[in-house]
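Start at 1 and go down the list; that is how both ligands and their atoms are numbered. Note that the numbering runs from 1 along the sequence shown for the chain.
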Amino acid sequence: MFDFDHALITGGAGFIGSHLGDRLVDDCAVTVYDDLSTGSRENIPDDAAFIHADVRDDEPLRDAVRAADVVFHEAAQVSVQRSVDNPETSHAVNIDPLLTILEAARDTDTRVVFASSAAIYGHLRSLPIDESHPKTPTSPYGLEKLTADHYCRLYHERYGVDAVALRYFNAYGPRQQGGVYSGVIGIFRDQARAGNDLTVEGDGTQTRDFVHIDDIVEANLLAAATEEAAGEAFNIGTGDSITIRELAETIRDVTDSDAEIVHVDSRPGDIDHSKANISKARDVLGFEPTYDVAAGLDAYLG
Ligand code: UD1
């Protein structure tokens, strides 16, 4: 299925990028581009080449894109909260490098698979969310991802760049970081294991569609290999959702923890509900998630 010779993975030392690298090293040459600001060197596959640089450095990034025949652009400022705290940095990391990649890809016919996000949709208007759902992001992060997502479509329409946007819902799995700016599953995992309170923000009725990393990786390979996907955007989730309160309870059970669940302030810019309609990814890419959240959390934390 994967007949590229050389893949570039930005953010290849991070959570999603490193799993992609592991999956690809046996199939093609892999170059990881990462500044190690949140990723780590141990995550980079032994057989991959490594460019230690920031995606905001346009020259090395441009050169790296030109040397590859497919780019998976996973490098990002991934935290909604951090984008609220520091919108200028978040903007610079999440938009300009994608534009550099698309400009370089115009010259070399490099295919681009971009990590977009469910955060582009903002508050739910209709459920489940399909790709034509209104897009009114509630955070700088969501707006940045929406802008970059539109750039992919525009560069396909205007310049014929083979760019695909994958709108990830909430990814989780091994190597996901903990700490205040990381995804809720990494935070609850660490809290449960340490026997600390699990901190549910708000009343915990907000919902998310949690998608296992193995399914995210598969979606990337399908997006790279599917010609009709160029210029298109696809929701990548499970098609189901749970509340954050239920998530906390499940993680507590699966880790056999006796930690308490407490409620703290909700966060600014948070969206209330999120659940993907994945029909388009199914029909065009042949994408089929293999884990629902119960099975995925059990495989990961059980
Ligand atoms: C996440 C991703 C983002 C991705 C998006 C897709 C991270 C850091 N963010 O954003 O990159 O594009 O999904 O939808 O991975 N919460 C708690 N307690 C905590 C931490 C979080 O209750 O200790 C709640 C939050 O208030 C929120 C929910 O959990 O309601 C999810 O938060 P988070 O994991 O940060 O994800 P998103 O904001 O959805």
TODO: Please check if any side-chain donor atom of Asp272 sits under 3.5 Å from a side-chain acceptor atom of His123, or the reverse.
DONE: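 Looking only at side-chain atoms, His123 and Asp272 do form a donor-acceptor pair, the distance falling under 3.5 Å.
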Show me which atoms of ligand 1 lie under 4.0 Å from any heavy atom of [X].
X	answer
Tyr181	8 (C)
Val200	22 (O)
Gly183	7 (C), 8 (C), 15 (O), 34 (O)
Tyr168	6 (C)

So if I apply the side chain to side chain contact (heavy atoms under 4.5 Å, CB included) rule between [X] and each of [options], which one comes out positive?
X	options	result
Leu198	Gln191, His263, Arg245, Arg189	Gln191
Thr10	Asp34, Leu61, Leu98	Leu61
Tyr33	Val71, Val65, Asp57	Asp57

Ligand 1 contact on [X] by region, counting heavy-atom pairs under 4.0 Å:
X	value
Phe188	side chain
Arg208	side chain
Tyr141	side chain
Ile187	side chain
Ile244	side chain
Arg267	side chain
Ser182	backbone
Thr199	both

TODO: Mark yes or no for whether Ser90, through its side chain, and Asn86, through its backbone, hold a donor-acceptor pair below 3.5 Å.
DONE: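 No, the answer is negative, given that no donor and acceptor are paired below the 3.5 Å cut-off.
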TODO: Indicate, with yes or no, if the rings of His212 and Tyr300 have centres closer together than 6.0 Å.
DONE: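 His212 vs Tyr300: aromatic centres not under 6.0 Å.
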TODO: Kindly state whether the ring of Phe4 and the ring of His6 have centres lying under 6.0 angstrom apart.
DONE: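 No: the rings miss the under 6.0 Å criterion.
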Looking only at protein heavy atoms, which one is nearest to [atom], and how far off is it?
atom	answer
atom 10 (O) of ligand 1	Val80 CG2, 3.9 Å
atom 5 (C) of ligand 1	Ser117 OG, 3.7 Å
atom 11 (O) of ligand 1	Val78 O, 2.7 Å
atom 34 (O) of ligand 1	Val184 N, 2.6 Å
atom 14 (O) of ligand 1	Asn170 OD1, 3.0 Å
atom 27 (C) of ligand 1	Asp270 OD1, 3.3 Å

TODO: Pick whichever of Gln81, Glu201, Lys145, Gln77 has a heavy atom sitting closest to atom 16 (N) of ligand 1.
DONE: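 Heavy atom nearest to atom 16 (N) of ligand 1 belongs to Glu201.
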Open item on the list: Starting from Val80 and following side-chain heavy-atom contacts under 4.5 Å between hydrophobic residues (I, L, V, M, F, W, Y), which residues can be reached?
Closed with: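 Same cluster as Val80: Tyr141.
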- [ ] Please tell me if the side chains of Val161 and Asp109 come closer than 4.5 Å, counting only heavy atoms from C-beta onward.
- [x]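 With C-beta onward as the side chain, the pair stays apart.
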- [ ] Can you establish whether the number of heavy atoms outside Glu88 located under 6.0 Å from its atom CD is more than 12?
- [x]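 No.
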Task: Full working for side-chain hydrogen bond (donor to acceptor under 3.5 Å, both in side chains) between Thr147 and Glu144 - done: CA-CA 5 Å; Thr147 304; Glu144 293 150 15; over 6 Å; no
TODO: Using non-hydrogen atoms of the residue, decide whether Ser274 is closer than 4.0 angstrom to ligand 1.
DONE: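 Per 4.0 Å heavy-atom rule, Ser274 does not contact ligand 1.
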TODO: For residues Arg208 and Ile271, report the shortest heavy-atom separation together with the two atoms involved.
DONE: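 Nearest heavy atoms, Arg208 then Ile271: NH1-O, 3.2 Å.
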